[in-house]
J.: 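Starting off with a structure, shown below.
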Amino acid sequence: MKYRNISVFGLGYIGLPTAAHFAKNGLHVHGVDISKTVCDAVNSASIPFEEPFLADIVRETVEKGLLKASCVPQPADAFIIAVPTPVTMEKKANLKHVAEAARMISSVLKCGDLVILESTVPPLCTRDLLVPELEKSGLSAKKDFFVAHCPERVLPGQIINELENNSRIIGGYTKEGGYHAKELYSVFVKSEIYLTDAATAELCKLMENTYRDVNIALSNELLRICETLRINAWEAIALANMHPRVNLHQPGPGVGGHCLAVDPWFIVEKAPELARLIAYSRNINDMMPEYIYKRIKSIIKNGKILLLGCAYKPDVNDLRESPAIKLFNILKRDGFEADIFDPHIKQYSEDLIGKAANADLLVLAVGHKKFKELDFEKIKKVMRSPNIFDTRNFIQKEKAIKAGFSYYLLGV
Ligand code: SAJ
């Protein structure tokens with residue numbers, strides 16, 4: 001194996017598990033992050049966010065001296081960029097962290113090194129931004145070093161399993177770049193590794209998340225149609241999905257996270273005249289919190305509302321682009337007294353009963369497994385008016401009604 005020393009830029013949800021996996025397989029890994037707090041956490045063998053099984057791997061590899069972190073780059077044989085690529089107010093990719101990582105790498109780059117971009121980027125970013133930044137080193141990406149785009153595609157909450165067991169797409173900037181990157185990832189990827197060119201790999205990653213976002217938008221549109229026709233959307237979707245070639249996704253209060261709510265815009269940015277369905281779907285999903293708010297107002301006109309869940313999806317402690325937070329802000333904007341309880345988010349994880357005191361409505365916004373154990377009898381006792389609105393078809397209706405709640409379900 002040619003690559004013994006690797007450097008991972010960005011120690012977040014993707015970079016840290018990736019770094020830890022290479023270290024677990026005996027490579028020496030140097031993590032680089034602009035946040036000293038993150039570097040200190042890693043060096044003291046702790047992880048700055050929740051992800052099942054990650055803490056053990058980080059502890060083990062840090063203790064063995066295989067994983068270290070700092071804010072400054074150092075020479076390595078291979079560099080992996082896993083920094084955030086958020087979307088701007090104008091719905092364009094903000095690539096400043098990729099450019100900054102590339103600048104840092106170019107300061108230590110040498111002949112024969114491999115540079116891999118894992119961050120999700122608009123098509124042609126490897127060619128038009130990454131390579132030119134790296135070539136400021138005076139070296140050529142066609143002759144002196146290798147470049148590939150290897151998009152991350154793991155699901156938060158299941159990252160450790162998916163890093164090893166999902167197939168991978170690697171897009172070489174040159175054919176050799178692809179081969180070298182494949183050799184490196186073979187260290188821990190047990191499934192197939194498909195080789196292509198960098199631009200195809202970039203678009204492929206965006207297509208996957210766009211497929212999901214558009215599919216959810218379709219379900220959200222169908223849900224609103226069902227409401228006007230007084231048809232149960234959940235039942236209709238479940239039955240349609242019995243068909244062997246139908247896979248409608250789940251409707252709900254909107255789409256959050258740093259991927260589905262962001263990546264489709266990277267396609268729109270490159271082809272605004274053509275990407276009409278993609279942009280329209282994004283807008284449908286973005287409007288869902290306002291729609292939920294309208295439904296809430298049909299249940300109560302004023303009073304106190306407690307949101308159950310604010311993470312962007314079940315069983316994670318990640319708030320990015322969370323539709324529940326958008327709903328919370330809408331409620332506050334319009335003068336409702338509102339609070340949040342979420343067992344996964346530290347600042348909202350305490351005192352469910354205190355928060356439910358004098359509330360007029362509970363709104364189930366996220367289907368966390370822990371909410372299956374809610375003690376409705378106890379909660380009801382402290383509420384002013386025991387109403388519950390389920391936006392995820394998650395709560396057992398009979399249980400809530402038995403406890404004395406008036407039960408409302410989105411999409412019926
Ligand atoms: N959601 C729905 N209905 C559904 C499924 C999801 O409303 O039927 C909502 C969720 O509640 C959440 C949002 O969509 O708010 C996104 O959740 P998700 O589980 O679909 O996806 P992410 O953002 O956690 O991870 C996605 C994954 N992409 C695909 O499955 C194609 C993951 O594999 C990618 O690695 C990740 O994006 C990424 O980093 O791009």
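The model shown is predicted, which means the values in this text are computed figures rather than measured ones. Note that ligands are numbered from 1 as they come in the structure, with each ligand's atoms numbered from 1 the same way.
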J.: Can D360 and K304 be counted as an ion pair, charged N to O under 4.0 angstrom?
T.: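 Looking at K304 together with D360, the answer is no, because their closest N to O distance does not fall below 4.0 Å.
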J.: Please tell me whether F371 and F394 form a close aromatic pair, meaning their ring centres lie under 6.0 Å apart.
T.: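 Ring centres of F394 and F371 not closer than 6.0 Å.
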J.: Tell me whether K205 contacts the main-chain N or O of A201 through its side chain, where contact means a donor paired with an acceptor under 3.5 Å.
T.: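 Pair absent, no side-chain N/O of K205 close to backbone of A201.
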J.: Under the ring-ring contact (aromatic ring centres under 6.0 Å, His included) rule, collect the residues that match up with H249, sequence neighbours excluded.
T.: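 Per chain and number, H249 pairs via ring-ring contact (aromatic ring centres under 6.0 Å, His included) with Y211.
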J.: Check this for me: does any side-chain nitrogen of one of R103 and E100 sit under 4.0 Å from a carboxylate oxygen of the other?
T.: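 A salt bridge is present here (some side-chain N lies under 4.0 Å from a carboxylate O).
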J.: Output yes when E269 and K91 qualify as a salt bridge under the 4.0 Å nitrogen-oxygen rule, no when they do not.
T.: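 No.
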J.: For ligand 1, what are the residues with a heavy-atom contact below 4.0 Å?
T.: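 Residue list for ligand 1: E152, R153, V154, L155, P156, K205, E208, N209, R212, I216, H249, Q250, G254, V255, G256, C259, L260, D263, Y312, K313, R392.
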